[in-house]
2 protein chains.
Amino acid sequence: MRADAQRNRARIVEVAREVFREQGYDASLDEVAKRAGVGAGTLYRHFPSREALLDAVMQSWVDRVEEAAGKVLAHEGPPRDLLLAWFTAYVGLVSLHKGGPAKITSAMGDPTSPIMHKCQVLTRATDRVVERLRAEDALRAEVDTVQICRLVGGVAAVADQGGLDDGAVRPLLEVVADGMLAPA
Amino acid sequence: MRADAQRNRARIVEVAREVFREQGYDASLDEVAKRAGVGAGTLYRHFPSREALLDAVMQSWVDRVEEAAGKVLAHEGPPRDLLLAWFTAYVGLVSLHKGGPAKITSAMGDPTSPIMHKCQVLTRATDRVVERLRAEDALRAEVDTVQICRLVGGVAAVADQGGLDDGAVRPLLEVVADGMLAPA
DNA sequence: CACGATACGGAGACACTCTCCGCTTAGCAA
DNA sequence: TTGCTAAGCGGAGAGTGTCTCCGTATCGTG
């Protein structure tokens with residue numbers, strides 16, 4: 001790729017990250033182009049669709065997911081604490097921009113979504129937590145990783161759309177956690 | 001209101017209900033106007049915003065909510081069955097059109113939403129179920145009606161956005177139910 | 001029947017998405 | 001350095017949707 005094209009591409013991604021955070025996933029792409037100082041054509045050549053752009057924006061996000069999972073798993077503690085710590089991290093990770101929870105949760109199971117692979121790092125990270133809890137026989141047999149992602153994604157989605165703060169989200173996550181932990 | 005205006009209004013609502021069901025909440029309002037055989041101006045005079053139109057469309061929905069709650073409460077049975085029956089009905093009620101779960105769940109707590117009052121019949125209906133379970137000491141003390149609505153709304157939202165069928169939704173609702181029922 | 005108030009409708013201003021194509025420029029080769 | 005060409009640029013414009021404005025038509029009353 002030519003050097004100027006590379007510069008433009010990087011600049012567009014940077015600006016898009018900012019605009020998505022400010023205005024949510026529905027922000028105008030023309031505005032992204034304008035702020036990045038390029039024509040609409042340039043934006044659409046680099047990123048044929050909104051999703052393709054989002055995919056690039058999420059590149060660094062993948063690392064944050066891995067890191068968050070590692071941090072949560074490093075702490076020793078009761079299964080309920082571990083699960084809640086991961087749920088909290090999960091909600092934070094998918095809520096980086098408005099519309100994120102819905103977007104990411106639905107993309108996780110949609111093979112036609114260009115960001116499916118990005119989203120699946122969340123599934124894998126959740127799986128690490130699940131395995132740990134399984135080893136301790138702390139999880140009910142019926143629940144699986146996908147269900148957990150859907151439930152926590154659902155909580156994140158209502159929190160996002162309803163503008164709930166952490167204090168309101170916490171009890172929801174507790175209910176979900178208690179519903180899947182093995183009875184004492 | 002003039003008779004012709006009344007006719008037009010009714011026709012618009014009827015057509016809108018159909019179009020929303022077919023194409024989801026984001027359907028083109030110009031298309032609604034066209035199908036109803038009126039000009040765009042007429043539609044926007046009767047319903048200044050998309051939400052105002054949705055409000056009218058949901059008029060009959062309110063009755064269905066009351067009815068569903070009554071039917072669920074009429075059946076005797078273990079608390080878990082009651083709760084799951086209501087959850088299932090709840091998901092069905094908010095999923096009448098695509099985008100419904102997110103719309104309704106976020107409107108429930110948004111005083112600026114024109115459909116807030118419509119949505120609150122769901123809260124009240126849920127409250128009836130909650131009271132019944134409280135009387136039997138079947139619910140944990142920490143959970144309240146609003147949280148239940150958020151959780152079930154969240155499940156409905158992911159089901160809606162991810163195209164999940166009833167079989168996939170059921171286990172999610174079970175986790176939520178088990179998380180809020182008093183331990184045996 | 002006549003006449004005002006009421007309501008209609010669709011043209012058009014504005015916003016967003018995405019494409020197309022003539023123009024510019026980077027980067028290489030001589 | 002210069003000239004060439006493929007790669008890349010940008011923005012006009014077509015398509016679609018929202019919502020408004022106002023000249024025109026219709027209702028329904030006296």
Side-chain angles (χ1 to χ4, degrees), chain A residues 1-58 97-100 102-103 106-107 112-115, chain B residues 1-58 97-100 102-103 106-107 112-115:
Chain A
M1 203 194 309
R2 247 167 59 174
D4 55 341
Q6 216 151 19
R7 263 199 311 279
N8 275 331
R9 192 183 192 285
R11 175 136 187 70
I12 289 169
V13 171
E14 190 184 336
V15 169
R17 194 184 337 264
E18 191 180 303
V19 172
F20 283 165
R21 191 171 40 230
E22 279 174 26
Q23 309 183 16
Y25 174 71
D26 289 332
S28 158
L29 295 191
D30 270 25
E31 157 138 13
V32 172
K34 193 171 295 177
R35 275 214 225 174
V38 303
T42 300
L43 189 152
Y44 284 99
R45 192 159 1 81
H46 284 298
F47 307 101
S49 68
R50 179 179 292 271
E51 302 250 314
L53 177 54
L54 188 58
D55 186 66
V57 164
M58 287 174 70
H97 60 76
K98 203 159 169 1
K103 199 75 218 160
S106 74
T112 71
S113 167
I115 64 168
Chain B
M1 204 194 312
R2 246 166 60 176
D4 55 341
Q6 216 151 19
R7 264 197 311 277
N8 275 331
R9 193 182 191 286
R11 175 133 186 72
I12 289 169
V13 171
E14 189 184 336
V15 169
R17 194 184 336 266
E18 190 180 304
V19 172
F20 283 163
R21 190 171 39 231
E22 278 174 26
Q23 309 183 16
Y25 175 70
D26 289 332
S28 159
L29 295 192
D30 271 26
E31 157 137 14
V32 172
K34 193 172 296 178
R35 275 214 225 173
V38 302
T42 299
L43 188 152
Y44 283 100
R45 192 161 358 85
H46 284 298
F47 308 101
S49 70
R50 179 179 292 272
E51 301 249 315
L53 176 54
L54 187 58
D55 185 65
V57 164
M58 287 174 70
H97 59 78
K98 203 159 167 6
K103 199 76 217 157
S106 73
T112 71
S113 168
I115 62 169

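For the numbers below, each heavy atom of this structure counts, side chains included, while hydrogens, waters and symmetry mates do not. Model, not experiment: these values are computed from the prediction. Chain naming here is simple, since letters A, B, ... match the order of the sequence lines and numbering starts at 1 in each.
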Among B:R35, B:K98, B:R17, whose salt bridge (Lys or Arg N to Asp or Glu O under 4.0 Å) with B:E22 holds?
B:R35
Please report, rounded to the nearest Å, how far the P atom of D:dG17 is from the CG atom of A:D26.
16 Å
What string of B, S and - do you get for nucleotides 18-30 of chain C 5' to 3' if you count protein non-hydrogen atoms under 4.0 Å?
BBB----BSS---
Between NE2 of B:H46 and C1' of D:dC19 the distance, given in whole Å, is 16 Å
Rounded to whole Å, CG of A:L43 lies from P of C:dT17 at a distance of 10 Å
Interatomic distance where NZ belongs to B:K34 and P belongs to C:dA11 [whole Å]:
11 Å
Taking atom P of D:dG10 as reference, at what distance in whole Å does atom CZ of A:R35 sit?
18 Å
Check whether B:R9 reaches the backbone of B:F47 with its side chain - one donor and one acceptor, N or O, closer than 3.5 Å.
no
Work out how much the helix from C:dC1-D:dG30 to C:dA30-D:dT1 bends between its end axes, five pairs an end, to the nearest 10 degrees.
10°
Can you name the nearest heavy-atom pair linking B:V15 to B:V32, along with the distance?
CG1-O, 3.7 Å
Give the intermediate values and the outcome of side chain to side chain contact (heavy atoms under 4.5 Å, CB included) for residues B:V57 and B:H97.
CA-CA 11 Å; B:V57 164; B:H97 59 78; 5.8 Å; no
Is there a side chain to side chain contact (heavy atoms under 4.5 Å, CB included) between B:D30 and B:Y44 once you walk through the steps?
CA-CA 10 Å; B:D30 271 26; B:Y44 283 100; 4.3 Å; yes
How many whole angstroms separate atom CD of B:Q6 from atom P of C:dC8?
11 Å
So, OP1 or OP2 of C:dA7: does either fall under 4.0 Å of a side-chain N or O from B:N8?
no
Touch class at under 4.0 angstrom, heavy-atom based, for B:A27 against every strand present
sugar-phosphate
Separation of D:dC9 atom P from A:F47 atom CZ, nearest Å, is 11 Å
Output for pair (A:M1 CE, A:H46 NE2), nearest 0.5 Å, gives 6.5 Å
Working to the nearest 0.5 angstrom, can you tell me the gap between B:I115 CD1 and B:S106 OG?
7.5 Å
Look at the aromatic rings of B:F20 and B:Y25 and report parallel, tilted or perpendicular, splitting at 30° and 60°.
tilted
In Å and rounded to the nearest 0.5 Å, what is the CG to OG1 distance from B:N8 to B:T42?
6.0 Å
